[in-house]
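In what follows, a single structure is set out as C-alpha cells and then discussed.
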Amino acid sequence: MAEETKTPETGETPESRNFIHAFIDEDIAEGGQFQGKTVHTRFPPEPNGYLHIGHCKALSIDFGTAEKYNGMCNLRMDDTNPTKEDEEYVDAIKEDILWLGFTWDDRFYYASDYFDKMYEFAEGLIKQGLAYVCELTPEQMKEMRGDLTHPAQSPYRDRPAAESLDLFHRMKAGEFPNGAMTLRARIDLASGNFNLRDPALYRINHMAHHRTGDKWCIYPMYDFAHPIEDALEGITHSLCSLEFESHRPLYNWVRDHIPTEAKPRQIEFARLGINYTVMSKRKLRRLVEENVVSGWDDPRMPTICGLRRRGYTPASIRNFCDRIGVSKADSTVEFGFLEHCLREDLNMTAKRAMAVLRPIKLTITNYPEGKSEAFEVENNPERPEDGMRSVMFGRELFIEREDFMEEKVGKFFRLYPGNEVRLKGAYVVKCTGCVKDENGNVTEVLAEYDPDSRGGDPADGRKIKSTIHWVDAATAVDAEIRLYDNLFVDSDPDGEGKDFMTCLNPDSFETLTGCKVEQGLRDATFPAAFQFMRQGYFCLDNKDSAPGRLVFNRSVSLKDGFKK
RNA sequence: AGCGGGUUUGUGUAAUGGUAGCACACCGGACUCUGACUCCGUUUGUGAGGGUUCGAAUCCUUCACCCGCUGCCA
C-alpha cells in the first residue's frame with residue numbers, strides 16, 4: 001500500500017510532513033489559533049545582495065508550505081536599512097526567483113511601503129508607555145547593556161510619554177544627527193534574552209532610501225518592522241532561519257502590542273549548509289567587491305545566477321531543496337548531493353554531443369584519403385523525440401588520449417593494438433599501432449575500419465565490448481573548456497583568526513585549451529546543456545564565448561573511467 | 001555564567017509507544033552504441049547512564065557534547 005504512494009523520483013511519500021507542517025496542522029486544527037484561515041507565508045529577502053542556494057531552501061519552504069496548504073506566499077523586499085540596499089538587487093532577486101520557477105503573482109511588496117504605518121504604531125506604543133526615546137549613544141548603550149548576570153540600564157527609561165512623543169516627532173523631523181537617540185521598547189532590562197533588554201525600535205539615519213528617497217531620516221529596526229510587515233499582509237506563518245529563534249519573544253511582543261487583526265506565528269528552521277561552499281552573503285559580497293571572482297554570477301559562486309551559468313537547471317536546484325528536508329538541527333549537506341540532483345535532471349534533458357577534451361589523432365589507414373561521409377546520431381537516447389543530428393566522419397579523427405593504451409591494463413576495453421572498438425555512431429575500428437615522436441610520446445593512433453559496420457553494427461553481428469567518442473579532424477571546432485570547482489575548500493573557515501580569504505581553493509578553476517568539439521555546437525546557444533559522453537555535462541557559456549571560440553563550463557563531474 | 005535551541009549510519013532526513021526506513025556517498029558485481037546512465041547486492045546508526053512499560057529513537061530523569069544570542073544589521 002505504502003509502496004504505491006511513493007513517488008519514483010524521491011522515494012518519499014507525497015504526504016511526508018516536516019515539523020513545520022506539524023505546527024501548522026496544530027494551528028488549523030479544531031480549536032487552533034488559525035482554524036478556518038488560509039495559510040499565508042512570505043519570502044522576505046533584504047535587497048543587499050544576490051540570492052544563493054541557501055535562499056532557495058527558504059524559497060522552497062516558504063512557497064512550498066503555502067502550496068501544500070493551498071495558501072499563498074508573498075514576495076517582499078525587506079528594505080528597512082538604506083545603508084546597504086539597492087534597486088539593482090531587487091531586479092536581480094526577482095529574476096532569479098522567476099528563473100527558479102516560483103511565482104508571486106501580484107503579491108510583491110516592499111517593507112518600505114509600510115513606513116507610515118510603522119511610524120503610527122510606534123507613536124501608539126509611546127502613548128501606552130511601551131516605548132521611549134533614549135539618548136544613549138551607541139557606545140554608551142553598549143556599555144550599559146549589562147552582561148549575562150547583570151541587567152542593562154538606561155537613564156531615559158522613565159521619560160514621560162508626552163516627552164518621548166515630542167522627541168520622536170523631532171527625530172523624524174530631522175532635528176538630530178545620526179546616533180543621537182533611538183526609540184526603544186520598554187520590556188525588560190534584566191532579561192536573560194538580550195533581545196528583550198529594551199531593544200531599539202527606530203534609529204536615526206540621514207540617508208536616502210532607494211524607494212522613499214529623503215522622506216525619512218529615521219528607519220525601523222528589523223525586530224519592530226518584521227512582525228508589522230507580516231501582520232499587515234495577513235501572514236499566518238512567518239518562516240525564518242534559526243538565528244531568529246531568540247527574537248521570537250520580541251516578535252510576539254510587537255505583534256501583540258500593535259492594533260492589527262492578523263497575529264502571525266514565527267517558526268524557525270535550520271539554514272542550509274553545504275560543505276566546501278561559502279554560504280554567507282557578507283563573504284560572497286566580499287569576493288565580488290575585492291574582485292576575487294568576476295561577479296555575482298561567476299560560475300564558482302553558489303549564487304543562483306552563478307549556478308545558472310555553471311549549467312545548473314532550475315529543476316535540479318529545486319529538487320535538491322525539496323529533498324534535503326527541513327529540521328531544526330544544524331546540518332551540512334554534501335555538495336555531491338547537489339551534483340546528483342543535477343545529473344539526474346540533465347541525464348533526462350541534456351543533449352548528447354561529442355567533444356574531445358584531450359585530443360590525439362586517430363588515422364583510419366584503410367579509409368580513402370579525401371573521402372568524407374555523414375552519420376546520423378541520436379541527440380538523447382533517453383528521449384528519442386529529441387531527434388537526430390548529422391556528424392561528419394573522415395580518415396582523420398580526434399579521440400581522447402585516455403582511450404588509447406599501448407598495452408592493456410586491467411579492465412581496459414578501449415583502444416590497444418589488436419583490439420576493436422566502436423566509434424560512436426560510425427564504424428567499428430581495430431587498432432593497428434601508433435606513431436611516436438623522438439621522445440617516445442604517442443602522437444598518433446592508427447587503426448583500420450570495417451566497411452561492413454556502417455552505423456556501428458558489424459555485419460556479422462560480432463560483439464563489440466566498447467564504444468568511444470570521436471570528432472572529425474577536418475570539421476572539428478576548437479573550444480575551450482573550463483572545469484569549475486567550488487571557490488571554497490576549508491571546512492572550518494571561521495577557525496581562530498583565520499581570514500576566510502586565505503581558505504579559498506586556489507584550484508577552483510581549470511581551463512582546457514585545444515579541445516575539439518562537433519561542428520554543430522557552433523550554433524548552440526546558452527543555456528543549452530550537453531553531455532559530452534563520458535566527460536560529463538557542460539553548458540555553453542555565451543557570456544565568455546567570442547566569435548570563433550567556444551567556451552564551455554563543466555557543470556558536474558562524472559565518475560571516473562575504467563578501474564585498473 | 002543567563003536565555004533559547006539541538007543530538008537517528010560517512011552525509012541529509014523518516015519513524016510521534018509497536019519490524020529503525022529512504023536518498024546521497026562508499027564498496028562489490030552486472031549491463032551498455034562509451035565504463036555515463038541503468039540495474040543488483042553488502043557494510044555502517046538512535047550521544048551516555050538510570051527509570052516507566054509487555055514493548056522506548058519516541059515518555060520521565062541525570063549527564064555529556066554542539067549551536068545561537070550582549071548591532072542604532074537583517
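Residue numbering restarts at 1 for every chain, and letters A, B, ... go by the order of the sequence lines. Bear in mind the structure is a predicted one, so any value in this text is a computation, not a measurement.
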Could you check whether the rings of [X] and [Y] sit parallel, tilted or perpendicular, using 30° and 60° as the cut-offs?
X        : Y        : value
A:Tyr219 : A:His209 : parallel
A:Phe532 : A:Phe530 : parallel
A:Trp296 : A:Tyr50  : parallel
A:Tyr416 : A:Phe412 : tilted

Quiz item: Which value, rounded to the nearest 0.5 Å, describes the distance between A:Tyr312 atom OH and A:Cys56 atom SG?
Solution: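 Rounded to the nearest 0.5 Å, the OH-SG separation comes to 12.5 Å.
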Self-check item: Partners meeting ring pair (Phe, Tyr, Trp, His ring centres under 6.0 Å) with A:Phe398 (sequence neighbours left out)
Solution: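 Counting only residues at least two positions away or on another chain, A:Phe398 forms no ring pair (Phe, Tyr, Trp, His ring centres under 6.0 Å).
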Exercise. Please identify each residue that fulfils ring pair (Phe, Tyr, Trp, His ring centres under 6.0 Å) with A:Tyr132, with sequence neighbours left out.
Key: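 Scan of A:Tyr132 (ring pair (Phe, Tyr, Trp, His ring centres under 6.0 Å), adjacent residues dropped) gives none.
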From [options], nucleotide with atom closest to [X] side chain:
X        : options                : result
A:Pro138 : B:rC72, B:rC3, B:rA25  : B:rC72
A:Glu46  : B:rC69, B:rU70, B:rC73 : B:rC73
A:Asp78  : B:rA74, B:rG12, B:rA36 : B:rA74
A:Ile324 : B:rG2, B:rA25, B:rG12  : B:rG12
A:Lys142 : B:rG71, B:rA25, B:rC73 : B:rG71
A:Ala329 : B:rU7, B:rC73, B:rC24  : B:rU7
A:Lys411 : B:rG12, B:rA30, B:rG6  : B:rA30
A:Lys328 : B:rA1, B:rG6, B:rC72   : B:rG6
A:Met221 : B:rA25, B:rC73, B:rA23 : B:rC73
A:Glu245 : B:rG4, B:rA74, B:rC72  : B:rG4

Nearest-Å distance for atom pair [atom1]/[atom2], residues [X] and [N]:
X        : N      : atom1 : atom2 : answer
A:Leu189 : B:rU70 : CG    : C1'   : 13 Å
A:Glu344 : B:rU38 : CD    : C1'   : 12 Å
A:Arg285 : B:rA74 : CZ    : C1'   : 12 Å
A:Lys351 : B:rA36 : NZ    : P     : 25 Å
A:His52  : B:rA74 : NE2   : C1'   : 12 Å
A:Phe269 : B:rG5  : CZ    : P     : 18 Å
A:Met144 : B:rG71 : CE    : P     : 15 Å

Taking atom [atom1] in both [N] and [M], what distance in whole Å separates the two?
N      : M      : atom1 : result
B:rG47 : B:rA25 : C1'   : 23 Å
B:rG17 : B:rC54 : C1'   : 12 Å
B:rC26 : B:rU43 : C1'   : 9 Å

Answer yes when [X] and [Y] have at least one side-chain N-carboxylate O distance shorter than 4.0 Å, and no when they do not.
X        : Y        : value
A:Arg422 : A:Asp450 : no
A:Lys328 : A:Glu245 : yes
A:Arg389 : A:Glu378 : no

Practice problem: For A:Asp147, answer base if it contacts any base atom (sugar-phosphate contacts may also be present), sugar-phosphate if it contacts only those atoms, and nothing otherwise; contact means non-hydrogen atoms under 4.0 Å. | Solution: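 Base contact.
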Provide a list of protein-nucleic acid N or O atom pairs under 3.5 angstrom, restricted to nucleotides 66-68 of chain B.
from, atom 1, to, atom 2, distance (Å)
B:rC67, O2', A:Asp330, OD2, 3.4

Quiz item: So is A:Arg211 actually on top of A:Tyr110's ring, under 6.0 Å and inside 45° of the axis?
Solution: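 Here A:Arg211 passes the 6.0 Å and 45° test against A:Tyr110.
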Quiz item: So, is the end of the A:Lys172 side chain (NZ or CZ) under 6.0 Å from the ring centre of A:Trp216 and within 45° of the ring's axis?
Solution: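 That pair qualifies as a cation-pi contact.
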Quiz item: Is the distance from OP1 or OP2 of B:rC72 to the nearest side-chain N or O of A:Arg197 less than 4.0 Å?
Solution: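 Negative; the distance criterion is not met.
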Practice problem: Examine B:rC73: is either OP1 or OP2 under 4.0 Å from a nitrogen or oxygen in the side chain of A:Arg203? Give yes or no. | Solution: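 For A:Arg203, the contact criterion (side-chain N or O under 4.0 Å from OP1 or OP2 of B:rC73) is met.
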With both distances under 3.5 angstrom, what nucleotide forms a Watson-Crick or G-U wobble pair with [N]?
N      : value
B:rG2  : B:rC69
B:rC63 : B:rG47
B:rC24 : B:rG10

Quiz item: Is the glycosidic angle of B:rG50 within 90° of 0, making it syn, or outside that range, making it anti?
Solution: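 Anti for B:rG50; the angle lies over 90° from 0.
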Quiz prompt | Whichever of A:Met181 and A:Ser331 has its nearest RNA chain B nucleotide further upstream toward 5' | solution =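 On the 5' side of the pair lies A:Ser331.
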Quiz item: Tell me, which pairs form a ring-ring contact (aromatic ring centres under 6.0 Å, His included) where one or both residues lie in residues 173-208 of chain A, sequence neighbours left out?
Solution: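 Every pair satisfying ring-ring contact (aromatic ring centres under 6.0 Å, His included) with a residue in residues 173-208 of chain A: A:Phe168-A:Tyr202, A:Tyr202-A:Phe224.
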Quiz item: Just by protein heavy atoms under 4.0 Å, how would nucleotides 14-19 of chain B read 5' to 3' in B, S and -?
Solution: S-----
Filtered N/O pairs between nucleotides 43-47 of chain B and protein, under 3.5 Å:
none

